[in-house]
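This report concerns only the one structure given below.
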Amino acid sequence: MPLALLALAVGAFGIGTTEFVMMGLLPDVADDLGISIPTAGHLVSAYAIGVVIGAPLLAAVTARMSRRKVLIGLMVLFVVGNTLSAFAPDHNSLLAARFLSGLPHGAFFGVGAVVATGLVPAERKARAVSMMFLGLTVANIAGVPAATLVGQNFGWRATFLGVSVIGLVAIASLALVLPRDGSHAPAAGLRGELAALKSLPVWLALGTTVAGFGALFSAYSYITPMLTDSAGYADSSVTLLLALFGVGATIGNLLGGRLADRSMRGTLFGGLVSLVAVLALFPVLMGTAWSAALAVVLLGMAAFVTSSPLLLMVMEKAASAPSLASSANQAAFNLANAGGAWIGGLTLAAGFGTTSPAVAGAGLAVLGLGVAAVAYVVDRRRVTVRGGRVVAGGVPRRAESEAEAAVRR
C-alpha cells in the first residue's frame, strides 16, 4: 500500500478524535463555561451539522481544484476550527468553532477516498479505502481515550490544542507524500457534479448508509446505560469497553476492505445480516459481563464491515462526481448518527427497557437490507443482456464490461 494512504489515515485519526472526544468532555466544558450538560450537548450537534452541510458543499465547490490542494486546505480548516475551539471564551463562540471544525470532515473523507482508490490497482480499491478509515477506527481505541485523559488532567482546551497538532502533522504528511500528478478532479463543474446525484442508484446507496449506520447509532448512543444497568459494569469501566468497540470497528473495517475487493455486494449484505443478528441478540448478550463485552466488539465489527463497500458503491454509481458522492455518503453517515440516536431514545422514552434501542437498531438494519436489495434489483434491470451484449442505460460500449462486472458483484 502506498505511503500516501498513511498520510490520509493520520488526517482521519485527527478527525475521528475531535468528533468523538466531546462526549467525554461535556461535564468539564459545562463546568468551565457555566452551562448545563444538555446545553453543552449542543456542541456535539453543532459538529454534526457542520459535517452534513460541509460535506457536499465543499466537495462541489472544490470540484475543479487539485485534490492534493483540497485535502491540505481541508486540514488547514480543521486546524483553525480546533484552535478556535481551544481559545473560545464562551459557549456561543465554542458552538461556532465546533461547527467550523465539522465542515471539512465529510469532504476530507470524500475526496480522500477518491485519491486513495486512485493510488492502487482496481482490485485493491476497497482495501485502500479501509486503510484511510483505519485512522478513524484507531481514534476510538487510542485517540479519544488519550484526548479525554488530557482534558480531564490539563483542561478541555488542552485537548483541542493537541488535536490541532495532529492536524498539523497530517498537513505536513499530505504535503510530503501525496502525489502531485494525476490528482485533479474531472472538470465537470458544479452543475455536472450535482447532476450526478440525480441517479436513483446513488440515492439507494445513500439510503442504505443512513439505515445501516442508523442501526449502529441507535444502540451505540445508549451503550453506557446498557453496560452499567444491564451488564452490571461500573461507570469507570465504560471507557475501556468503548475502546473494545474501537477494536471491533478496526477489525471490521480491515476485513470489509479485503472482502469487498472480492465481492462488494456480498460483503455489504453479509455485514448487514451480521448487524441484524448482533443487535437482535443484545438483550441476551447484555445479561452477563463477559457476553456484554463480546457484544460491544461484535457491534463494531458488524457495522464497519459495511463501511468500505457502501462508500465504493456510492462512488461507483456517481462515477462522474465521485468526490461529491463520497462526501455525501459522509453526510448520510452523520444523518444516521442523529436519526439512530433519536429512534433509540424513543424506545427508552416509551419504557421498553434499557436494551430496547438495540432492538430498534435491528429493525433499522433490516430496513437497510431492504434498501440494498432494492438497489440490487434496480441495477439488474438497468443492465440487460441483448443478443449476448450488455447494454446499460447511458453506458458507452467500452464500459460495458464494467457494467456487467458490477451486476455480478
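What you see below is based on every heavy atom in this structure, not just the backbone, and it leaves out hydrogens, waters and symmetry mates. The structure displayed is predicted, hence computed values, not measured ones. Quick note: residue numbers are just sequence positions, from 1.
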Rounded to the nearest 0.5 angstrom, the CZ-OG distance for Phe269 and Ser263 is 9.5 Å

Shortest non-hydrogen pair, Ala126 vs Gly257, comes out as CB-O, 3.2 Å

| said: The test is side-chain contact (heavy atoms from CB on, under 4.5 Å); show your working for Leu6 and Ser173 and say whether it passes. | reply: CA-CA 8 Å; Leu6 179 60; Ser173 302; over 6 Å; no

Report yes if the side chains of Leu268 and Met313 come closer than 4.5 Å at any heavy-atom pair, otherwise no.
yes

Query raised in the report: Judged by atom type as modelled, is there a donor-acceptor pair below 3.5 Å linking the side chain of Ser237 to the main-chain atoms of Tyr233?
Result: no

Is there a side-chain contact between Met264 and Glu316, using heavy atoms and a 4.5 Å cut-off? yes

(Q) Using only atom types and a distance under 3.5 Å, with no angle test, would you say the side chain of Ser164 pairs donor to acceptor with the backbone of Thr83? (A) yes

- Is Asp379 close to Lys317 at the side-chain level, that is, under 4.5 Å between some pair of heavy atoms? yes

CG of Leu272 to OG1 of Thr208, rounded to nearest 0.5 Å, is 7.5 Å

- prompt: Are the side chains of Phe282 and Val359 in touch, meaning some heavy atoms are under 4.5 Å apart?
  reply: no

* Using atom types as modelled and distance alone, determine if a side-chain donor or acceptor of Arg127 lies under 3.5 Å from a backbone N or O of Leu254. => no

**Study point:** Test item: Ser93 side-chain N/O and Ala88 main-chain N/O as donor-acceptor pair under 3.5 Å
**Key:** no

Check whether Thr159 reaches the backbone of Ala147 with its side chain - one donor and one acceptor, N or O, closer than 3.5 Å. yes

Q) Quick check, are the ring centers of Tyr47 and His105 under 6.0 angstrom apart? A) yes

message: Donor-acceptor pair, distance only, cut-off 3.5 Å: does the side chain of Asn334 make one with the backbone of Asn337?
response: no

task = Just do the side-chain contact (heavy atoms from CB on, under 4.5 Å) check on Asn153 and Leu149 with the steps written out, would you?
result = CA-CA 6 Å; Asn153 287 276; Leu149 190 62; 3.5 Å; yes

Modelled atom types, side-chain donor and acceptor of Ser308 and Ser130, under 3.5 Å: no

For Leu119 and Pro179, the nearest pair of non-hydrogen atoms, with its separation, is CD2-CG, 3.6 Å

Counting the benzene-type ring for Trp, do Tyr220 and Phe213 have ring centres under 6.0 Å apart? no

The reported gap from CG in Leu33 to CH2 in Trp156 (rounded to nearest 0.5 angstrom) is 5.0 Å

Rounding to 0.5 Å, atoms CG (Leu285) and CG (Leu294) come to a distance of 6.5 Å

Taken to the nearest 0.5 Å, the spacing of Ile49 CD1 from Arg98 CZ works out to 12.0 Å

* Asked: Does Phe87 reach the side chain of Phe160, with side-chain heavy atoms less than 4.5 Å apart?
  -> no

Margin query: Can you confirm if the aromatic rings of Phe13 and Phe133 lie within a centre distance of less than 6.0 Å?
Written below: no

For Ala215 and Gly361, the nearest pair of non-hydrogen atoms, with its separation, is CB-O, 3.0 Å

**Q.** Within-4.5 Å side-chain heavy-atom neighbours: Tyr222 and Thr347
**A.** no

task: Could you check Ile72 against Met75 for side-chain contact (heavy atoms from CB on, under 4.5 Å), going step by step and ending with a plain yes or no?
output: CA-CA 5 Å; Ile72 293 173; Met75 286 310 300; 5.9 Å; no

- How far apart are the C-alpha atoms of Val278 and Met301, what are their side-chain angles, what is the distance that settles it, and do they pass the side-chain contact (heavy atoms from CB on, under 4.5 Å) test? CA-CA 10 Å; Val278 170; Met301 288 181 62; over 6 Å; no

Heavy-atom nearest pair, Leu227 first then Leu241, reads CD1-CD1, 3.7 Å

For Asn82 and Thr18, which I'm curious about, is there any donor-acceptor pair between the side chains at under 3.5 Å? yes

I would like to know whether Thr355 and Ser230 meet side-chain hydrogen bond (donor to acceptor under 3.5 Å, both in side chains); could you show each step before the answer? CA-CA 8 Å; Thr355 58; Ser230 296; 5.5 Å; no

Exercise for review: Starting from the C-alpha separation in whole Å, work towards a yes-or-no answer on side-chain hydrogen bond (donor to acceptor under 3.5 Å, both in side chains) for Thr137 and Asn140.
Suggested key: CA-CA 5 Å; Thr137 56; Asn140 284 282; over 6 Å; no

All heavy atoms of Gly151 vs all of Leu25, minimum pair found to be CA-CD2, 3.9 Å

Here the gap from Leu134 atom CG to Leu5 atom CG, rounded to the nearest 0.5 Å, amounts to 10.5 Å

Please evaluate residues Thr209 and Asn329 with respect to the criterion side-chain hydrogen bond (donor to acceptor under 3.5 Å, both in side chains), reporting the C-alpha separation (whole Å), side-chain torsions for both, the decisive distance (0.1 Å), and the verdict. CA-CA 7 Å; Thr209 297; Asn329 193 63; 2.7 Å; yes

**Message:** I'd like to know if the side chain of Thr228 reaches the main chain of Thr224, judged simply by a donor and an acceptor atom lying under 3.5 Å from each other, with no hydrogens or angles considered.
**Reply:** yes

For Leu100 and Pro104, the nearest pair of non-hydrogen atoms, with its separation, is O-CD, 3.3 Å

Is there a side-chain contact between Leu174 and Leu8 (heavy atoms, below 4.5 Å)? yes

So do Ser221 and Pro357 actually touch side chain to side chain, heavy atoms under 4.5 Å? no

